[in-house]
Chemist: 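Dropping a structure here in structure tokens format, bear with me for questions.
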Amino acid sequence: MTAGGKTEERVPHPFLKWAGGKGQLLDQYDPLFPKRYRRYLEPFVGGGAVFFHLRPARAVLSDGNAELIDCFRAVREEVRAVIAALRLHRYDRDHFYAVRAIEPETLTLAERAARTIFLNRTCFNGLYRVNSRGRFNVPFGRYVNPKILDAENLRACSRALRRARIECAPFQAVLGEARRGDFVYFDPPYHPRSKTSCFTAYGPGGFTADDQRELARVYSALDRRGVLLMLSNSDTPLIRELYRGFRIVEVRATRSINSKTEGRGAIRELVVLNYR
């Protein structure tokens with residue numbers, strides 16, 4: 001309770017684990033966010049850590065991952081039904097593979113969201129990966145009593161998402177949306193630092209070096225329009241070359257998803273800004 005006797009609303013945090021999630025970097029990001037902006041736009045929403053941290057009054061959240069966007073929409077619009085559907089799931093290997101085998105198209109929006117959240121909370125490393133048919137194929141994870149349902153947080157996320165428009169769209173669609181004074185945060189699949197650190201296959205086509213170049217073109221076009229821009233990526237020669245005309249800030253992140261132990265731990269990442 002607050003001093004005035006009112007119940008204090010819970011601060012939301014991402015309801016999905018996401019490879020490259022930004023929760024651990026928010027303290028380093030806070031001094032970098034613009035102090036004022038018109039609207040917040042995030043074309044690679046992922047787990048939404050930055051959105052839930054900033055909780056802007058107006059936002060446009062988008063991603064090319066239709067399953068992810070359906071999950072966000074369900075939490076915003078049907079959170080009670082999502083919570084009810086999640087209560088039916090349990091941390092069990094056989095149940096995991098039975099749920100993974102379900103065709104999502106046969107489920108309601110809330111049931112699809114519950115399936116996505118359940119698989120995400122119980123699969124290996126919380127990794128999102130699909131096969132050539134676009135079907136989720138990450139194996140069962142080994143945890144000690146993982147928290148599948150956090151009803152209070154889902155309700156808090158639902159309240160925050162009511163201020164956002166949520167779209168399934170490629171990142172290029174931001175060109176038709178962003179205007180001078182808007183703030184766009186790009187958090188694309190990272191350019192791999194090595195052949196063993198490539199975890200960009202969130203869709204059947206992956207995210208290639210050519211996609212990184214196209215993203216840099218979109219970034220430059222928005223810069224010329226007067227849009228405030230922030231982009232996260234790995235520290236590689238390609239990324240430094242693509243954004244060499246902009247302000248580049250180094251941050252330190254701890255990453256555990258790598259096939260070699262020497263690729264885990266604290267590593268340097270880049271934040272690209274077009275403002276001071």
Side-chain angles (χ1 to χ4, degrees), residues 18-22 25-26 28-51 53-54 56 58-65 68-69 164-193 197-203 205-253 267-276:
W18 208 253
K22 294 301 178 289
L25 287 167
L26 292 173
Q28 296 179 71
Y29 282 7
D30 261 331
L32 304 177
F33 294 131
K35 299 298 184 289
R36 295 182 182 84
Y37 50 87
R38 195 174 71 95
R39 287 183 308 165
Y40 175 78
L41 295 89
E42 189 170 352
F44 299 93
V45 68
V50 171
F51 167 77
H53 176 69
L54 294 175
R58 300 172 62 197
V60 180
L61 306 178
S62 58
D63 203 284
N65 185 324
L68 176 69
I69 291 302
R165 197 170 85 235
I166 304 171
E167 305 284 351
C168 183
F171 67 85
Q172 294 93 334
V174 73
L175 287 170
E177 183 73 41
R179 299 290 181 266
R180 178 179 294 275
D182 287 342
F183 171 42
V184 178
Y185 172 55
F186 292 104
D187 185 24
Y190 278 17
H191 184 243
R193 298 169 63 245
S197 64
C198 186
F199 283 89
T200 62
Y202 300 123
F207 202 84
T208 67
D210 284 341
D211 291 320
Q212 297 287 358
R213 295 184 183 94
E214 171 67 3
L215 177 56
R217 184 192 69 79
V218 170
Y219 188 103
S220 294
L222 293 174
D223 172 63
R224 292 190 294 272
R225 193 181 294 175
V227 178
L228 301 169
L229 303 171
M230 178 174 177
L231 176 141
S232 304
N233 217 313
S234 52
D235 187 359
T236 68
L238 175 65
I239 299 305
R240 285 188 177 270
E241 172 65 21
L242 289 175
Y243 298 97
R244 66 183 184 277
F246 297 98
R247 178 188 175 198
I248 295 179
V249 177
E250 296 177 1
V251 296
R252 289 280 175 176
I267 59 173
R268 189 170 58 221
E269 297 184 359
L270 303 180
V271 176
V272 182
L273 306 166
N274 74 336
Y275 56 87
R276 292 284 175 183

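Residue numbers start at 1 and run along the sequence shown.
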Chemist: Specify the closest pair of heavy atoms between T236 and P192, including all atoms of both residues, with the distance to one decimal.
Modeler: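 Closest pair (atom of T236, atom of P192, distance): CG2-O, 3.8 Å.
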Chemist: Measure across P188 and L231 and return the closest heavy-atom pair with its distance rounded to 0.1 Å.
Modeler: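 Here P188 and L231 meet closest at CD-CG, 4.5 Å.
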Chemist: Tell me, do Y40 and V50 make a side-chain contact under 4.5 Å, heavy atoms counted?
Modeler: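 The answer is yes; the side chains approach within 4.5 Å.
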Chemist: Measure the spacing between CG of L228 and CG of L273 and express it to the nearest 0.5 Å.
Modeler: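 Between L228 CG and L273 CG, I get 10.0 Å after rounding to 0.5 Å.
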Chemist: Using side chain to side chain contact (heavy atoms under 4.5 Å, CB included) as the criterion, point out the one residue from N65, L215, V174 that pairs with F44.
Modeler: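 The residue from N65, L215, V174 that satisfies side chain to side chain contact (heavy atoms under 4.5 Å, CB included) with F44 turns out to be L215.
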Chemist: Can you see which heavy atom on P31 is nearest to which on Q28, and at what distance?
Modeler: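 Closest pair (atom of P31, atom of Q28, distance): CD-O, 3.3 Å.
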Chemist: Between E42 and G48 (side chain of the first, backbone of the second, donor and acceptor by atom type, cut-off under 3.5 Å), is there such a pair?
Modeler: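 Checking the backbone N and O of G48 against the side chain of E42, no donor-acceptor pair under 3.5 Å is found.
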Chemist: Could you please spell out the steps behind the side chain to side chain contact (heavy atoms under 4.5 Å, CB included) verdict for I267 and R193?
Modeler: CA-CA 10 Å; I267 59 173; R193 298 169 63 245; 4.0 Å; yes
Chemist: Looking only at non-hydrogen atoms, find the nearest pair between S232 and D187 and report the distance.
Modeler: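 Looks like CB-OD1, 3.8 Å.
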Chemist: Kindly give the heavy-atom pair with the smallest separation between A216 and L242, and that separation in Å.
Modeler: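 So the two residues come closest at CB-CB, 4.0 Å.
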Chemist: I'd like to know whether L54 forms a side chain to side chain contact (heavy atoms under 4.5 Å, CB included) with Y185, so could you lay out the CA-CA distance, the side-chain angles of the two residues, the decisive distance to 0.1 Å, and finally the verdict.
Modeler: CA-CA 11 Å; L54 294 175; Y185 172 55; over 6 Å; no
Chemist: Donor-acceptor check, side chain of S234 to backbone of H191, threshold 3.5 angstrom: yes or no?
Modeler: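 Judged by distance alone, yes, a pair lies under 3.5 Å.
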Chemist: CG/L61 to CD1/I166 distance, rounded to the nearest 0.5 angstrom?
Modeler: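 Interatomic distance, L61 CG to I166 CD1, rounded to 0.5 Å: 6.0 Å.
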Chemist: Show your working on side chain to side chain contact (heavy atoms under 4.5 Å, CB included) between R38 and R58 and close with a plain yes or no.
Modeler: CA-CA 8 Å; R38 195 174 71 95; R58 300 172 62 197; 4.1 Å; yes
Chemist: Can E177 and E167 be said to form a side chain to side chain contact (heavy atoms under 4.5 Å, CB included), step by step?
Modeler: CA-CA 12 Å; E177 183 73 41; E167 305 284 351; over 6 Å; no
Chemist: When you measure from the side chain of N274 to the backbone of V227, do you find a donor-acceptor pair of N or O atoms at a distance under 3.5 Å?
Modeler: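 Side chain of N274 to backbone of V227: a pair is present.
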Chemist: What is the distance from atom CZ of R247 to atom CZ of R276, rounded to the nearest 0.5 Å?
Modeler: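 Separation between the atoms: 5.5 Å.
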Chemist: Could you state the interatomic distance from CG (D30) to CG (L25), rounded to the nearest 0.5 Å?
Modeler: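 The distance works out to 11.0 Å.
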Chemist: Between D211 and T208, is there a side-chain donor-acceptor contact under 3.5 Å, judged purely by atom types and distance?
Modeler: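 Per modelled atom types, T208 and D211 side chains form a pair under 3.5 Å.
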Chemist: Within the 4.5 Å heavy-atom criterion, are F186 and L222 side-chain neighbours or not?
Modeler: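 The answer is yes, as the side chains (C-beta and beyond) meet within the 4.5 Å cut-off.
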Chemist: Check for a donor-acceptor pair, side chain of Q212 on one end and backbone N or O of P189 on the other, with a separation under 3.5 Å.
Modeler: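 Yes; judged by distance alone, with no hydrogens or angles, the pair exists.
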Chemist: Identify the heavy atoms of Y29 and V271 that sit nearest to each other, and give their distance.
Modeler: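 Of all heavy-atom pairs spanning Y29 and V271, the closest is CE1-CG2, 3.5 Å.
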Chemist: Taking E250 first and then R240, would you say they form a salt bridge - that is, a charged N and a carboxylate O separated by under 4.0 Å?
Modeler: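 Yes, charged N to carboxylate O under 4.0 Å.
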Chemist: Pairs in or reaching into residues 223-243: which pass ring-ring contact (aromatic ring centres under 6.0 Å, His included), with residues at least two apart or in two chains?
Modeler: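 Qualifying pairs, neighbours excluded: Y219-Y243.
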Chemist: With a 3.5 Å distance limit and no angle check, can you tell me whether R225 reaches the backbone of A178 through a side-chain donor-acceptor pair?
Modeler: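 Present.
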Chemist: Of all residues at least two apart in sequence or in a different chain, which pass the ring pair (Phe, Tyr, Trp, His ring centres under 6.0 Å) check with F51?
Modeler: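 Scan of F51 (ring pair (Phe, Tyr, Trp, His ring centres under 6.0 Å), adjacent residues dropped) gives none.
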Chemist: Anything under 30° is parallel, anything over 60° is perpendicular, the rest tilted; go ahead and classify F183 against Y37.
Modeler: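 Geometry flag for Y37 against F183: tilted rings.
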Chemist: Give, for atom CG of D182 and atom CG of L41, the distance between the pair rounded to the nearest 0.5 Å.
Modeler: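 Answer rounded to 0.5 Å: 5.0 Å.
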Chemist: If only atom types and distance count, is the side chain of R244 paired as donor or acceptor with the main-chain N or O of E241 below 3.5 Å?
Modeler: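 Checked: pair present.
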